[in-house]
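Quick caveat: nothing in here was measured; it's all calculated off a predicted structure.
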Amino acid sequence: MDRSYHVRINPLRLFIVLAILLLPISIGWIVTSNVARREQVNEEIGCDQEILLKTVDNTPQIIENRLSKNQLNCFQFQVNAGQTLVLDANTNISIVEPNNKVRIIQGKAKETLRSSGTYSLRIQARREDINYRIQFSLENQAIATQLSKANDREVHNFQNRIPINDSEQIQQLSYNVIASPQFNSNIKLQSIVDSIVNFAESRGLPIEKLSISLVDLSNSECCAYASYLDNETRYPASIVKLFWMVELYSQYQAGTIPEEVVLEKELYKMIQDSDNESASRILDRLSKTESGEALPKSKLDTWLARRYSVNQFFEQAGYQNINISQKPFPIPYLNFIRPEGRDLQIRRVNNNTDKPIRNYLTTYSTARLLSEIYTDRAVTSHYSAKMKTLLKRDLHSDAWKQKPYNSIAGFLGESLPVNTKFYSKMGWTFSNRNDATIVATPDGKNQYILVVFGDDPSFYKDKKFFPEISRLVYKRMNG
């Protein structure tokens, strides 16, 4: 006998069961929808607040407020080419140029703006609410020149002041490349740089003391670029020797220094071994100066002007925020453990013994120089080939592990595949760790420049940070 079973479904129970089953999906859809809508709004509107700054030459403005998480404030201002932008910020800010090139900075920055048009400062609270404070001003070129003389760094005061009656005046040369490169901001590269900064922060390293420049050389239309605090001046240690090498070959090219005056082994030791004695002799020849006892004022100005000529060589070609006029110590053949005599006087031209003037560079300037070396524009192709030979490093462990002070261990080359084409100049003291590198895959398809300055003792102590970020960049650039 057939039996039929009639199941009566309670509509209320069915609704509750379906609601429970669909709840996670609904929540996910709502969240996704909200995120997508927020991204669409940000894309369309861009800024939560858009404020026009009225600028008056040489009149600082204080911009301060509180931002909620994910909030973006934008400040627009008009610039005439040649004005100098001066910033001091307590948080990361983006500078958007008229051509939409974007750079991120934190801390103090000062640079001459080369394009007229509308610029924008953008401040965003990404992870949490923030209180921001920015001191901002624009200076005309004439005003900026006057103010530079009152600045603590009085390096430029003595340039062009070699007395007329000096019978051994230096023939004034300038660097071969007279215009800054057209580095273009790139989202992919910026995400790599941001990952480095986040990694540094996760290790407890002071990111306000970190500067990074990353340049993609793979495309013939050079060059995609990304950075972090790339115009912040840092103590470069032996990275200055990279600039002295370029100037020496430029002097060769111009015929102002005969090639036989500087022995090849001295140049090799300065770059390959980062030897201070060789560097001392080469800087003396470039600037026609010598180390020695303190000089009276009547002679010191001439000596300073000669030593500062190495800065002027690059400044005339558009290099900014650069001081490469001082020797690294110790220098055994002089029996100098630290600066003495006139090498101490050059650090105290501001008469401030608490804040002595030291060498300083930016990762941007260093990356620019490396790009011009690699593309044979710094000097002739003949001398460029010689420079690349000096900078080239063998990454096989048996080539560097036995050297007590090598350029690989603890730096950007240590973690790379041994067959990588790698060129570098590092610099370090117990207070910092820096490396300036050109990296190319064995097949040559991917080539890039990575310059990292860590201007704090914690970067010297953390001997794994540079190798690990180099591995990260190599993987992402080849991904």
Just by modelled atom types, is the Pro442 backbone N or O under 3.5 Å from a matching donor or acceptor in the Asn419 side chain? no

I'd like to know if the side chain of Lys425 pairs up with that of Ser274 as donor and acceptor (distance under 3.5 Å, no hydrogens or angles considered). yes

Looking at Trp244, Phe243, Tyr308, which one forms a ring pair (Phe, Tyr, Trp, His ring centres under 6.0 Å) with Phe314? Phe243

Is there a donor-acceptor pair under 3.5 Å between the side chain of Ser415 and the backbone N or O of Pro467? yes

Can you establish whether the number of heavy atoms outside Gln402 located under 6.0 Å from its atom CD is more than 12? no

Spell out, as yes or no, whether a donor-acceptor pair under 3.5 Å connects the side chain of Arg393 to the backbone of Tyr423. no

Taking Asp462 first and then Arg433, would you say they form a salt bridge - that is, a charged N and a carboxylate O separated by under 4.0 Å? no

Using a cut-off of 6.0 Å, state whether more than 12 heavy atoms not belonging to Ile62 lie near its atom CD1. yes

For the backbone of Gly454 and the side chain of Asn434, can you confirm whether one donor and one acceptor N or O come within less than 3.5 Å of each other? yes

With distance as the sole criterion, is a donor-acceptor pair present between the side chains of Asp398 and His396 under 3.5 Å? no

Please indicate whether Lys188 has more than 12 foreign heavy atoms, meaning atoms of other residues, nucleotides or ligands, lying under 6.0 Å from its NZ. yes

Modelled atom types, side-chain donor and acceptor of Ser213 and Thr363, under 3.5 Å: yes

With distance as the sole test, does Ser218 use its side chain to make a donor-acceptor pair with the main-chain N or O of Gln447 at under 3.5 Å? yes

Could you tell me whether the side chain of Gln345 and the main chain of Leu295 form a donor-acceptor pair under 3.5 Å? yes

We want to know whether Ser191 and Asp194 form a side-chain donor-acceptor pair, criterion being a heavy-atom distance below 3.5 angstrom. no

Mark yes when over 12 heavy atoms from residues, nucleotides or ligands other than Lys463 sit less than 6.0 Å from its NZ; otherwise mark no. yes

Fit a plane to each ring of Phe466 and Phe411, take the angle between them on a 0 to 90° scale, and name the class: parallel (under 30°), tilted (30 to 60°) or perpendicular (over 60°). perpendicular

Are Arg307 and Asp343 within salt-bridge range, i.e. N to O under 4.0 Å? yes

Can you check whether Tyr252 reaches Val262 side chain to side chain, under 4.5 Å on heavy atoms? yes

So, applying ring pair (Phe, Tyr, Trp, His ring centres under 6.0 Å) with Tyr460, which one of Tyr235, Phe430, Phe453 is it? Phe430

Does Glu259 have more than 12 heavy atoms from other residues, nucleotides or ligands lying within 6.0 Å of its CD? yes

Do Trp400 and Ser407 come within less than 4.5 Å of each other through their side chains, counting heavy atoms only? no

Does the side chain of Ser280 come under 3.5 Å of the side chain of Tyr333 through a donor N or O and an acceptor N or O? yes

In a table with atom names and distances, give each donor-acceptor pair under 3.5 Å that connects a side chain of residues 385-392 to protein atoms at least two apart or in another chain.
residue	atom	partner	partner atom	Å
Lys388	NZ	Tyr374	O	3.2
Lys388	NZ	Asp376	OD1	2.8
Thr389	OG1	Ala385	O	2.9

Can a donor-acceptor pair be found between the side chains of Tyr364 and Asn321 at a distance below 3.5 Å? no

